Every structure is written in C-alpha cells, then in structure tokens.
Amino acid sequence: MNCRIEIEQTHKKTYCIILDGAADHKISCLQEKTPLEVAFMPNLDFFVQNGMMSRIEILPSTHIPETDSGLMALLGYNPIKYYCGRGALEAIGRGICHGYRYYVGFRVNFAAYDNGKNVLNRRTSRNLSENELKSLTDEIISGIILDKYPGVNVDLLSYGKHRGILTFYSNSIPLSGNVSNTDPGFFKNGYFSFPVENYDNKVLKCEPLDNTIAANITAEIVNDFSEQAHYIMEQSIINSNRLHRGLMKCNYLLFRDGGSQHISMRKFAEKYSKRLAIYGELPCEKALADLIGADFHYSKKLELQLDKVHLVQLANKLTESNAEIVFCHIKGPDEPGHDNDPIRKVKAIELIDRYFFGELRRKFQKGDVIMVSCDHATPCEIGIHSNDKVPLLVCGNNIEIDETIHFDEENAERGRCLLSRAIDVMEFLVERSK
C-alpha cells in the first residue's frame, strides 16, 4: 500500500545515502530477482513512494567504477577529469605523507598462493581474522629492511579481512604512481584499473610505465618490498596455525592502483554554495572530503558497518549535523556481492532499511530532501564491480512523485526522473533545495 506524504516547500536538509554495491543482476536462487527486488524495505520504500526514480550511469561505460570514483561522481565531480587513482587518495586520506616532497600510495590485498596447486586466492578466502591481519601487518613492518633506499619511509594499514593501504614517502628519493599492478586481477591504464578475465594465477612483477627515474625506483622498491613481505609471511606463526586448522596461508601482498599526486578540485562550498559533511569508512573518502573542503567524519570501523546500534546512531548523526548537505556511504551490501552470497546481501540491505532508514524516516522533516543510490553495482554472479547502471531515488522538497513503489533496478527503469548520469545528481539536488 502506497503511503504518500504532503511535502512542504521549505527546504531544510539534503541527505545523500550511498549503498555500496547494492545493485545487482537477477539471480536464480532468488527466483530470478535481484537482492534489491527481494529485500523487505518498508522504510526506503516509503521514500520511493513519495519521490521518483531513475537508473543512472556512474562512469562512462568504458570504465568500471570503484568506490572512490563512484562517490566522486555522485558528489558532482567528473572522475574522468579529476580522478587521481585510488592509491593517491588512500595515501592522502591516511595523512602520513603530509609535508613530504614525494609519496606513492597503493591498495594492497593480503593474498594466498599455493605453489603446488598453482592457485592464487586474491583475498585469502576473506577469512583472515582481525588479530591475524594485525599480526601479519606488524610482522611485515618490523621485518622489512629498505636500506637500499635511504630516506624512504613506509606505512602499512590493514583492514576489512584482506585489504590494506601501503604508502612510501620520502624527501630525498623521487617516487611515482605510474607503475603497473602486481595484482593479476586488475590491469592499470592511466589512473584507472580494469578487471582482467581469466588472469594467470601468479603474482606479477611491478614494472615502470614510463622512463622516469621516479617510476623505475618505485617499481624496484615495490618488488623488493613484495619479496621481503612474502618471506616474512611464509615464516609467520600465523600461517603455521592456519595450516594446522586447514586454512590457506596468507603469504603475498598484491599491489594495485598506485598513485602519487592529486588533481586540484574546486571547493564544494564555492561550487554549490552549500556546506557539505561526508560520513564514511575509508581513508580515500577522507581524502575526497579534504580535496573539496567538506567536513569528514569516520562513521564506524569497517568490521562493524552492519551493527544495529551503529546504524541507528549514524542516522541520528546525520540529522543532527549542521551541514546543509550530508553525504553518507554505507559499505554493507558490497561484501556479500564479492562473496557471491545473495542471501547475505538481502539481509544486509534489510538491516540497513530497518535500523538506518527506519530512524532516518522518523527524523525526516517536511522540506528535507533525500537521495539514495549506489556507487557501483557488485553482482554476486561475477564477484567484482560492474559498469551496470544503478537505481537512483530522489524525494522531498520540490520533487515530483512518480509511480515507483520499491527501491530496485526495475522500478528505477520505469521511474520518471530524467537524471541519467551520476555527475548531474548533485546539481539537481542543489536546484531542488532552493
């Protein structure tokens, strides 16, 4: 049953909610429906039934969105013009390289390679415990010797079962992000990486992608670091214990998305005459906030992203913010997509609806505006991001109501909202808030 509300034409606050990787394909075990189609979402559907929808392109179809490039587009900045690579954003967000002349950042995966079976598990089956990941990280940092590169410092942050951010920084040795990935699952072209189908089950060597001294030195450092880290991880008691429990050894770091500079971006307040607050979970999000002059708040440890109490508290923080536009990225649906676990993806979406959107609905006021979308699709059947169009919902002040009734891909396709590109969404919201 549709529940319509009367919208008062006095704007108060704009909420931009990004559900990481929630969009998907139809799945046989869900009776040929998508997780969004199956999920019970009475609170999000309340906004749908009082707003309008469309499907939007996050990046041009030639590119595969990542979280950072997707969020950049939804904030109103064209990634084709402004994107500087995930590694650079992660390094900037960490803040470690501040004040140093040279730096280069990388995304890393803690991976498992079985030499006998020639099997590379790029995410170590995503079953590293928080303590195992921390112990391996500490062992690597304490054991690495970079004497051949005096003046080069290193920082390694690990999180989320298998992920990490690795930064080299120096005042004396030039460094460059223009080097190839050692992760065979992604091919680097410019600032973007692209998935590789049927990749070889082996860790690649890092190669310079230009003839500069900085790129050659950086490739050499990455290969040296990778070899040392492999030896340290092979000897770790963590891996001895994992083998005893019948689990894969975590014995390689895979490097990708190297970056060493940022592109200047116009400040959000100058561009839109609005104050922006961003709530996120990743250093790259903090970097985006810093680059566009937004307030940034870490919303929660990544491992607790679907904690019920946290979701209620997060909704309240958004309503209490004194920013005119609050932009919130919720990671929960993405992980089950990578794990090809559609049932868990449905449950993640329903948890967010019940505790986050339920609280936001209670606090939503006449004159407020809400936008809900995704930074990219993460279809369960392929386990990686895709360039599929994603649902967009807009509801509130000065926004028409169409016939859509549920937040999913098919309703979005039938919606009457004319927006078709992520980079146009923020301008639309600002116009409707006047």
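We're numbering straight along the sequence, starting at 1. Note that the structure is a prediction, hence the values are computed from the model and not measured.
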task: Report yes if the distance between the aromatic ring centroids of F192 and H63 is under 6.0 Å, otherwise no.
output: yes
field: Non-neighbouring partners of R362 that pass side-chain hydrogen bond (donor to acceptor under 3.5 Å, both in side chains), sequence neighbours left out
entry: E359
query: Residues two or more places apart in sequence or in another chain: which of them pass side-chain contact (heavy atoms from CB on, under 4.5 Å) with N153?
result: Y100, Y169
- prompt: Above 12 or not: heavy atoms from other molecules or residues under 6.0 Å from CZ of R354?
  reply: no
query: In Å and rounded to the nearest 0.5 Å, what is the CZ to CD1 distance from F268 to I292?
result: 6.5 Å
- request: Any chance you could measure S321, atom OG, to E324, atom CD, to the nearest 0.5 Å?
  value: 10.0 Å
- request: Assess whether atom CG of N211 is packed by more than 12 heavy atoms of other residues, nucleotides or ligands within 6.0 Å.
  value: no
Set of salt bridge (Lys or Arg N to Asp or Glu O under 4.0 Å) partners for D295, sequence neighbours left out: R275
task: Please name all residues satisfying side-chain contact (heavy atoms from CB on, under 4.5 Å) with A73, sequence neighbours left out, ordered by chain then number.
output: P79, A422, I423
task: Can you sort out the partners of D290 under side-chain hydrogen bond (donor to acceptor under 3.5 Å, both in side chains), two or more places apart, ordered by chain and number?
output: K286
- request: Using the test salt bridge (Lys or Arg N to Asp or Glu O under 4.0 Å), find all partners of R122 that sit at least two apart in sequence or belong to another chain.
  value: D183
task: Check for a donor-acceptor pair, side chain of N171 on one end and backbone N or O of R101 on the other, with a separation under 3.5 Å.
output: yes
- prompt: Can you find a pair of side-chain heavy atoms, one from P65 and one from D375, that are under 4.5 Å apart?
  reply: no
task: Go through F357 and Y355 one step at a time and tell me if the ring-ring contact (aromatic ring centres under 6.0 Å, His included) criterion holds.
output: CA-CA 6 Å; F357 283 111; Y355 294 99; over 10 Å; no
- request: Tell me, yes or no, whether the heavy-atom count around K134 atom NZ, taken from other residues, nucleotides or ligands under 6.0 Å, exceeds 12.
  value: no
message: Is it the case that over 12 heavy atoms from other parts of the model lie below 6.0 angstrom from the NZ atom of K188?
response: yes
query: Between the side chain of K13 and the main-chain N/O of N322, is any donor-acceptor distance below 3.5 Å?
result: no
message: Tell me which pairs pass side-chain hydrogen bond (donor to acceptor under 3.5 Å, both in side chains) where either residue lies in residues 69-92, with sequence neighbours left out.
response: D68-Y83, R86-E90
Other residues, nucleotides, ligands: >12 heavy atoms within 6.0 Å of E32 CD: yes
- request: Side-chain contact test, heavy atoms from C-beta onward, threshold under 4.5 Å: evaluate it for I370 versus V394 and give yes or no.
  value: no
- request: Would you please test N131 and S129 for side-chain hydrogen bond (donor to acceptor under 3.5 Å, both in side chains) and show each step?
  value: CA-CA 5 Å; N131 287 337; S129 70; 5.4 Å; no
task: Could I get the full list of ring pair (Phe, Tyr, Trp, His ring centres under 6.0 Å) partners for F225, not counting sequence neighbours?
output: F168
task: Could you tell me which residues satisfy salt bridge (Lys or Arg N to Asp or Glu O under 4.0 Å) with E220, sequence neighbours excluded, listed by chain and number?
output: none
- prompt: Does L291 offer a backbone N or O that forms a donor-acceptor pair with the side chain of K267 under 3.5 Å?
  reply: yes
Distance in Å, Y191 OH paired with D257 CG, rounded so as to fall on 0.5 Å steps: 13.0 Å
- request: Test F194 against F187 for ring-ring contact (aromatic ring centres under 6.0 Å, His included), laying out the working first.
  value: CA-CA 5 Å; F194 299 84; F187 169 76; 7.4 Å; no
query: Hey, does the side chain of E381 reach the backbone of I27 with a donor-acceptor pair shorter than 3.5 angstrom?
result: no
- request: Can you tell me which residue pairs pass the ring-ring contact (aromatic ring centres under 6.0 Å, His included) test with a partner in residues 382-420, sequence neighbours excluded?
  value: H338-H385, H376-H385
query: Got a sec, which residues hit side-chain hydrogen bond (donor to acceptor under 3.5 Å, both in side chains) with Q313, two or more places apart in sequence or on another chain?
result: none
task: Only counting residues at least two apart or in another chain, list the ones meeting side-chain contact (heavy atoms from CB on, under 4.5 Å) with E413.
output: R55
